[in-house]
Amino acid sequence: MWHEDRYRLIRGMLKVNGHVSVERIVAELDVSRETVRRDLVELEALGDIRRVHGGAVLVEDGEPPIDVRAETRVREKRAIARRVATLVEHGQTLFMDAGSTTSLIAEALSAHMGLTVITNSVDAARRLAGSGDAPGRNRVHLLGGEFGAAVGHTYGAACVAEISRFQPDLAILSPVGVDATTGATSFLGEEAEVARAMATHAKQVLIAADYAKIGVRSRIGYCMPKDIDVLVTNRRAGKAAGMAAVAKAVGSVELA
């Protein structure tokens with residue numbers, strides 16, 4: 001059994017009971033205690049669970065902090081960032097939302113020329129703008145609004161209203177999950193609101209999601225599968241539950 005399938009089954013047990021013991025997971029999945037221990041460590045790093053003595057409990061308060069996400073599946077996210085950069089043409093105008101994946105995409109795009117990037121991510125703006133010694137070759141517009149220090153992003157009514165002023169070529173968005181029914185989803189309403197506005201006003205939508213997000217549905221949908229023009233993910237996503245259905249539901253899939 002692939003570890004993505006084990007993660008899905010463990011999440012399912014937790015959604016039903018709120019907690020689950022290591023012994024039950026071992027018995028239900030017919031795997032070793034060491035395999036279960038590794039799975040729980042990874043699920044805790046993803047922010048899905050909290051490990052307790054003898055098992056795990058469900059976490060209900062959303063994604064892990066941005067600094068934790070920034071250290072999770074970095075190799076896969078960098079590969080996605082490089083692939084996205086090949087799909088962006090010099091001189092295009094882009095929306096980018098905030099997240100660990102889009103920060104790495106911004107870094108990859110800093111080698112482009114003549115881009116205009118409209119973003120609510122302070123980190124993405126910084127990476128694209130360069131420094132005083134080495135200024136960037138692209139224009140960066142940081143959206144206004146309320147500031148969320150935990151993520152380093154802007155959000156709220158003023159941010160969404162400002163987004164509506166632009167009609168960019170492409171929105172590059174990174175969700176909590178993407179599945180064949182709901183499409184791209186987020187846990188927080190404020191993040192979903194910004195991403196939905198960007199998807200609505202862009203000519204095309206690119207969703208960047210590593211393999212662990214495929215087939216995953218979070219609380220709030222912001223872009224239906226039919227409205228996703230391109231999904232960029234890892235080759236490993238081919239083994240994820242739900243990938244075949246997602247591939248049929250979206251415009252196209254690019255593998256990194």
Side-chain angles (χ1 to χ4, degrees), residues 47 60-70 81 84 88 91-110 112 114-132 135-178 182-209 213 217-224 227-230:
E60 294 288 1
D61 57 355
E63 289 190 281
I66 188 70
D67 57 344
V68 173
R69 283 182 275 158
V84 170
V88 174
Q92 284 190 311
T93 299
L94 313 173
F95 276 143
M96 291 181 64
D97 68 354
S100 57
T101 302
T102 44
S103 286
L104 292 175
I105 293 171
E107 184 177 281
L109 289 176
S110 64
H112 280 51
L115 297 177
T116 298
V117 180
I118 302 136
T119 182
N120 70 322
S121 167
V122 173
D123 190 54
R126 178 185 58 79
R127 294 184 189 223
L128 281 159
S131 64
R137 296 176 288 181
N138 304 295
R139 296 182 61 199
V140 181
H141 181 95
L142 181 61
L143 293 161
E146 297 182 59
F147 179 66
V151 178
H153 71 153
T154 56
Y155 65 95
C159 182
V160 171
E162 192 174 357
I163 287 169
S164 67
R165 294 170 45 210
F166 300 95
Q167 301 290 326
D169 300 294
L170 182 66
I172 299 174
L173 310 171
S174 183
V176 172
V178 56
T182 312
T185 54
S186 184
F187 186 85
L188 296 176
E190 63 198 38
E191 293 183 358
E193 187 178 47
V194 168
R196 184 182 301 112
M198 289 181 173
T200 298
H201 291 282
K203 295 174 184 175
Q204 289 192 306
V205 176
L206 183 153
I207 296 296
K213 298 179 178 181
R217 183 187 304 180
S218 194
R219 296 196 307 172
I220 306 169
Y222 64 77
C223 188
M224 293 296 290
D227 297 319
I228 299 173
D229 296 286
V230 185

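Residue numbers count from 1 along this sequence. Predicted model only: the values in this text are computed from it and were never measured. Worth knowing before you read on, the calculation uses all heavy atoms, side chains too, and leaves out hydrogens, waters and symmetry mates.
- Y222 places a side-chain heavy atom less than 4.5 Å from the side chain of L173.
- Under the 4.5 Å side-chain criterion, counting only non-hydrogen atoms from C-beta, L109 is in contact with V88.
- Between T154 and E162, every side-chain heavy-atom pair lies at or beyond the 4.5 Å cut-off.
- Under the 3.5 Å distance criterion, the side-chain polar atoms of S218 are left unmatched by any main-chain donor or acceptor of T185.
- Distance check, rounded to the nearest 0.5 Å: CD of E193 to CD1 of I163 gives 8.5 Å.
- The backbone N or O of D97 sits less than 3.5 Å from a side-chain atom of T102, completing a donor-acceptor pair.
- Between M224 and T182, the closest heavy-atom pair is SD-O, 3.7 Å.
- Within the 4.5 Å cutoff, side-chain heavy atoms of E190 are placed close to those of H153.
- Closest approach of A171 and M198 over heavy atoms only: CB-O, 3.7 Å.
- At least one side-chain heavy atom of R127 sits less than 4.5 Å from a side-chain heavy atom of L104.
- By the 4.5 Å heavy-atom criterion applied to side chains, L170 and V230 are not counted as neighbours.
- The CZ atom of F95 lies 12.0 Å from the OG1 atom of T116; values are rounded to the nearest 0.5 Å.
- In this structure, CG in L94 is found 8.0 Å from CD1 in I118, a value given to the nearest 0.5 Å.
- Nearest heavy-atom pair across S121 and S103 is OG-OG, 4.3 Å.
- Taken from CG in D227 to CD in Q204, the straight-line distance is 12.0 Å, to the nearest 0.5 Å.
- With N138 contributing its side chain and G114 its backbone, the two residues share a donor-acceptor pair below 3.5 Å.
- S110 OG to R137 CZ: the interatomic distance, rounded to the nearest 0.5 Å, is 8.0 Å.
- Taking both residues in full, the closest heavy atoms of C159 and G144 are given as CB-O, 3.1 Å, listed atom of the first, atom of the second, then distance.
- When every heavy atom of A158 is checked against every heavy atom of G145, the shortest pair comes out as CB-CA, 4.0 Å.
- With values rounded to the nearest 0.5 angstrom, L128 atom CG is found 10.5 Å from I105 atom CD1.
- Listed by chain and residue number, nothing satisfies the side-chain hydrogen bond (donor to acceptor under 3.5 Å, both in side chains) test with R196 (two or more places apart in sequence, or in another chain).
- Pairs engaging residues 142-151 under the salt bridge (charged side-chain N to carboxylate O under 4.0 Å, His left out) rule: none recorded [sequence neighbours left out].
- Proximity of L206 to D229: side-chain heavy atoms (C-beta onward) are nowhere separated by under 4.5 Å.
- For the pair Q92 and L115, the minimum side-chain heavy-atom distance is below 4.5 Å.
- Contact between L142 and A125 at its shortest, heavy atoms only, is CD1-CB, 4.2 Å.
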